[in-house]
Amino acid sequence: MEDVDFADEPDEDGEMGDEEWETEDEGVEEGADPHDDSELTYSKHTASVFCVSLDPKENALAVTGGEDDKACVWRITDGETMFECIGHKDSVTCATFSHDSSMVATGDMSGLIKVWKVEDTKEIWSFEVADLEWLEWHPCAHVLLCGTADGNTWMWKIPSGECKTFQGPNCPATCGQFLPDGKTAVVGYEDGSVRLWDLKQGSTLHVLKGSDAHSGPLTCVSSNADGSLILTGSVDCDTKMVNTATGKVVGVFRTESNVSKASKREEGEAETNSVESVGFCSVLPLAAVGYLDGTLAIYDVSTQTLRHRCQHEVSDP
């Protein structure tokens with residue numbers, strides 16, 4: 001791996017009133033199909049779909065993976081299936097294109113990972129690891145990174161299969177990604193810790209644990225455009241902002257509603273919310289945090305204050 005370079009206003013508490021959440025589907029008779037505004041529906045899977053990704057080069061293809069133990073690559077213009085990625089042993093939970101859209105990687109829950117060449121639809125590489133947690137492509141090379149339930153992070157050069165492993169704590173590596181420089185990766189773990197890995201040396205640059213770590217499993221990580229800052233989200237409802245140069249936590253984002261949830265955690269009460277998605281804005285100093293309860297919170301990175309809160313309807317299962 002040495003040669004790889006890596007128009008409605010919210011009320012006072014920031015939430016919409018119940019009467020403002022009416023939709024076109026309200027009043028639809030039971031059993032009737034809801035109104036569908038989609039331009040295209042892809043329905044070739046025979047069970048639930050668990051992941052979707054667009055090709056980054058042209059945005060012309062999509063890959064979807066599902067409970068039917070396969071992934072499908074299809075055109076978004078007309079829904080035509082280009083090819084199916086078959087041979088998986090379990091539900092396909094990861095499916096993503098390489099940076100140049102020439103390859104597709106698919107991974108199932110059992111840990112079987114396959115790579116397919118888009119041009120000729122052929123499988124060109126496969127490998128089996130422990131139960132798969134996540135799968136990511138390098139930002140500018142044909143290199144794969146994944147995390148597994150045994151705490152390991154794996155990296156392969158494709159299609160040669162040249163491999164490196166990065167051993168974490170004795171718990172699942174629940175989320176991770178390459179940083180924009182391609183030489184560093186951030187990985188979050190079930191024990192609440194976060195590690196920044198030097199991919200060439202195979203060593204940790206920084207480890208966030210103890211008071212700097214989360215009090216629950218990590219669910220998501222994301223970096224800003226230059227990789228100087230990362231966001232980490234957890235089931236503890238906290239979002240932490242970390243300086244990648246120093247490894248120090250420089251901010252903690254928490255909505256007012258989640259402050260009370262943190263108090264419940266301290267009192268030993270069950271937690272029902274969590275951070276599910278985080279991301280930086282590419283043009284403004286803003287960070288977005290999505291919560292399990294349907295809240296999307298927008299924070300000012302400079303002042304670390306809540307700028308806006310959008311509340312989506314959440315239906316009980």
Indicate yes or no: does Lys57 engage Asp100 in a salt bridge with an N to O separation below 4.0 Å.
no
Given the rule that I, L, V, M, F, W and Y join up when any side-chain heavy atoms are under 4.5 Å apart, are Leu112 and Phe50 in one cluster?
no
ask   = Looking only at side chains, do His35 and Asp37 share a donor and an acceptor under 3.5 Å apart?
value = yes
- Message: If we count only N and O atoms by modelled type, under 3.5 Å, do the side chains of Asp90 and Ser110 hold a donor and an acceptor together?
- Response: no
Would you find a donor on one side and an acceptor on the other, under 3.5 Å apart, between the side chain of Asp69 and the backbone of Ser91? yes
Is it true that a side-chain atom of Trp197 and a backbone atom of Ser203 form a donor plus acceptor pair closer than 3.5 Å? no
Notebook entry, point to check: Does any donor atom in the side chain of Ser43 or Thr41 lie under 3.5 Å from an acceptor atom in the other side chain?
Noted result: no
Taken to the nearest 0.5 Å, the spacing of Thr93 OG1 from Glu133 CD works out to 8.5 Å
When rounded to the nearest 0.5 Å, the distance separating OG of Ser215 from CG of Asp236 is 4.0 Å
_Determine whether Leu196 and Val194 satisfy the following criterion, side-chain contact (heavy atoms from CB on, under 4.5 Å), listing intermediate values before the conclusion._
CA-CA 7 Å; Leu196 281 164; Val194 179; 5.6 Å; no
Q) Should the heavy atoms of other residues, nucleotides or ligands under 6.0 Å from CG of Asn59 be counted, would the total exceed 12? A) yes
**Message:** Looking at Met103, is its backbone amide N or carbonyl O close enough to the side chain of Ser98 to form a donor-acceptor pair, meaning the two atoms are under 3.5 Å apart?
**Reply:** yes
Would you call Cys72 and Cys85 a side-chain contact if the rule is heavy atoms closer than 4.5 Å?
no
So does Val250 get a backbone contact from the side chain of Gln304, meaning a donor-acceptor N/O pair under 3.5 Å? yes
*Hey, does the side chain of Thr246 reach the backbone of Lys248 with a donor-acceptor pair shorter than 3.5 angstrom?*
yes
As a quick check of understanding, evaluate side-chain contact (heavy atoms from CB on, under 4.5 Å) for His138 and His99, giving each step before the final call.
CA-CA 7 Å; His138 190 280; His99 70 286; over 6 Å; no
Exactly one of Asp293, Thr295, Val235 clears side chain to side chain contact (heavy atoms under 4.5 Å, CB included) with Asn273, and that residue is Asp293
Output for pair (Leu135 CG, Thr148 OG1), nearest 0.5 Å, gives 11.5 Å
Closest non-hydrogen contact found for Asp78 with Glu80 is OD1-N, 3.0 Å
Would you find more than 12 non-hydrogen atoms of other residues, nucleotides or ligands less than 6.0 Å from Leu40 atom CG?
yes
When Leu229, Leu208, Asp212 are each screened for side chain to side chain contact (heavy atoms under 4.5 Å, CB included) with Val242, the one that passes is Leu208
Q: Scan side-chain atoms only and decide if His45 and Asp68 contain a donor-acceptor pair under the 3.5 Å cut-off.
A: yes
Check your understanding: Is the Trp156 to Trp125 ring centre distance short of 6.0 Å?
Key -> yes
- request: Tell me, please, whether Phe166 has Arg195 positioned over its six-membered ring: NZ or CZ under 6.0 Å from the ring centre and within 45 degrees of its axis?
  value: no
If we ignore hydrogens and angles and just use 3.5 Å, is the side chain of His312 paired with the main-chain N or O of Gly294 as donor and acceptor? yes
- Could you tell me whether the side chains of Trp116 and Thr106 share a donor-acceptor contact shorter than 3.5 Å? yes
Counting C-beta onward and ignoring hydrogens, is there a side-chain heavy-atom pair between Phe280 and Ser282 closer than 4.5 Å? no
Q. Which of parallel (below 30°), tilted (30 to 60°) and perpendicular (above 60°) describes Tyr42 and Trp74?
A. parallel
Using modelled atom types and a 3.5 Å cut-off, is there a donor and acceptor pairing between side-chain atoms of His308 and backbone atoms of Leu296? no
Check the surroundings of atom CD in Gln167: do more than 12 heavy atoms from other residues, nucleotides or ligands lie under 6.0 Å from it?
no
Of all heavy-atom pairs linking Trp134 and Thr153, the shortest is CH2-CG2, 4.1 Å
| Is there a side-chain contact between Leu54 and Leu61 (heavy atoms, below 4.5 Å)? | no
Answer yes or no: is there a donor N or O on one side and an acceptor on the other, between the side chain of Asn243 and the main chain of Gly247, under 3.5 Å? no
The reported gap from OG in Ser274 to CG in Leu292 (rounded to nearest 0.5 angstrom) is 4.5 Å
Point to revise | Check against side-chain contact (heavy atoms from CB on, under 4.5 Å), Val115 and Trp137 | key: CA-CA 11 Å; Val115 175; Trp137 280 104; 4.1 Å; yes
Of all heavy-atom pairs linking Leu132 and Gly107, the shortest is CD2-CA, 3.6 Å
Note to self: Ring centres under 6.0 Å, that's the criterion: do Phe127 and Trp154 meet it?
What the structure shows: yes
Margin query: Is the shortest side-chain heavy-atom distance between Lys183 and Asp198 below 4.5 Å?
Written below: no
- Message: Are the side chains of Pro217 and Tyr189 in contact, using a 4.5 Å heavy-atom criterion?
- Response: no
Side chains of Val275 and Phe253: closer than 4.5 Å at any heavy-atom pair?
no
### Close side-chain approach of Tyr299 to Val289, heavy-atom, < 4.5 Å
yes
Distance col, row Met109:CE vs Cys94:SG, nearest 0.5 angstrom, shows 10.0 Å
Would you confirm whether Lys164, through its side chain, and Leu199, through its main-chain N or O, come within 3.5 Å as a donor-acceptor pair? yes
Between Asp238 and Arg254, does any side-chain N to carboxylate O distance fall below 4.0 Å? yes
Next on the checklist: Please tell me whether Met82 and Val63 are part of a single hydrophobic cluster in this structure, the criterion being side-chain heavy atoms less than 4.5 Å apart.
Outcome noted: yes
Ser102 and His142: side-chain contact (heavy atoms from CB on, under 4.5 Å), yes or no, with the steps?
-> CA-CA 9 Å; Ser102 67; His142 292 149; 3.3 Å; yes
Heavy-atom closest pair (Leu218 atom, Ser193 atom, distance to 0.1 Å) is CD2-O, 3.7 Å
*Please say whether more than 12 non-hydrogen atoms of neighbouring residues, nucleotides or ligands are located less than 6.0 Å from CZ in Arg75.*
yes
Does Thr244 use its side chain to pair, donor to acceptor, with the backbone of Gly227 at less than 3.5 Å?
yes
Under a 4.5 Å cut-off applied to non-hydrogen side-chain atoms, are Val186 and Phe178 in contact?
-> no
When rounded to the nearest 0.5 Å, the distance separating CD of Glu128 from CG of Asp108 is 7.5 Å
Note: Glu123-Lys117 ion pair, threshold 4.0 Å (strictly below) = no
